*Asks:* 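Could you have a look at this structure, given as C-alpha cells, before my questions?
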Amino acid sequence: MQFELPDLPYPYDALEPQIDERTMRIHHQKHHAGYTRKLNAALEEEGVKDTSIEQLLANISTHSTTIRNNGGGYYNHSLFWTIMGPAGKYPLNEDMQIAKALNRTFGTYESFQETFKKAALGRFGSGWAWLCVSEPVGELFVTSTPNQDNPLMNVVKDQGRPILGLDVWEHAYYLHYQNRRAAYADAFFELINWEAVNQRYKAARRIAISV
Ligand code: MN
C-alpha cells in the first residue's frame, strides 16, 4: 500500500507574509514528501497492509519507531495544510458550531488563543500544539505532543481527535522568524481556515458521541 503526498490546497505563496513561500516549498516538497516516502518504505519493509492512516495511528504501539515518526509526519502535515488559508479569507464566525464550542470550553476566543499559544511555546524542542475533540464526551481540549506524535496515537497521554494543529518544529518557521516561535504562533492565528476547522469539529464530534 502507498500513501500519497497531498497537494497544497493553495499556491506556495498564498500564506505570505505570515508564512513565506520558501518555507512552504521546502516544508511540503522536502519534509512532508520525505515523511510520506519513508512511511511507504517502512510499511513495505514491515509488511503492513490495508490500513487507513487513522487506524495505523490508533494502533501505533504495535508498530516500529520508523512508522510512528513518519506516519505521524505524514498525517500531521496533511492536516496542517488544510486548516490554513490566506489571511482573513476564512474567519471565525459567531454562528459556527466551533465558535460556540470554543466559548463553552475556554470562556472567550482570546482565552482559547492564550491556552493554545502556551501549548505551542511550552513544547520543548520539536513537536505540535493541538486543539482536539475528546472521546467519548466530545469536548474541546488543547494539548501538545513531541516529535511527530499526535493525539490519535495510542501512546500519548491526552488522546483525542485533532481538528487544528500547529507545527512548532524549527523547520516550520526558522527561515522567516529564526528563534521567535511566539511571533510565528501569533501569525498562525491570522491564517487559520475556520471553515475547515468547523467542518472537522462537526465530523469529530459526530464520531466522538457515537463511540
Ligand atoms: Mn513540519
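Just so you know, these numbers come straight off a predicted model, no measurement behind them. Start at 1 and go down the list; that is how both ligands and their atoms are numbered. What's counted below: heavy atoms across the whole structure, side chains too, no hydrogens, waters or symmetry copies.
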*Asks:* The Mn ion (ligand 1): which protein N, O or S atoms are under 2.8 Å away?
*Replies:*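 Counting only protein N, O or S atoms under 2.8 Å from the Mn ion (ligand 1), the list reads H27 NE2, H77 NE2, D167 OD2, H171 NE2.
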
*Asks:* Going by the angle between their ring planes, with limits at 30° and 60°, are H27 and W81 parallel, tilted or perpendicular?
*Replies:*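 H27 vs W81 ring planes: perpendicular.
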
*Asks:* Can you list everything that forms a side chain to side chain contact (heavy atoms under 4.5 Å, CB included) with E195? Sequence neighbours excluded, please.
*Replies:*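 For E195 the side chain to side chain contact (heavy atoms under 4.5 Å, CB included) partners, ignoring immediate neighbours, are Y90, M96, N193.
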
*Asks:* I'd like to check E4 versus T36 (side-chain heavy atoms, cut-off strictly below 4.5 Å). Are they in contact?
*Replies:*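 In short, these two side chains do not touch, never coming nearer than 4.5 Å.
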
*Asks:* With sequence neighbours left out, which residue pairs that include part of residues 130-158 fulfil the ring pair (Phe, Tyr, Trp, His ring centres under 6.0 Å) condition?
*Replies:*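 Those involving residues 130-158 are W128-W130.
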
*Asks:* Pick out which of L79, V142, L131, L140 makes a side chain to side chain contact (heavy atoms under 4.5 Å, CB included) with L164.
*Replies:*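 Result for side chain to side chain contact (heavy atoms under 4.5 Å, CB included) with L164: L131.
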
*Asks:* Under the side chain to side chain contact (heavy atoms under 4.5 Å, CB included) test, which residues partner S126, sequence neighbours left out?
*Replies:*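 Applying side chain to side chain contact (heavy atoms under 4.5 Å, CB included) to S126 gives W169.
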
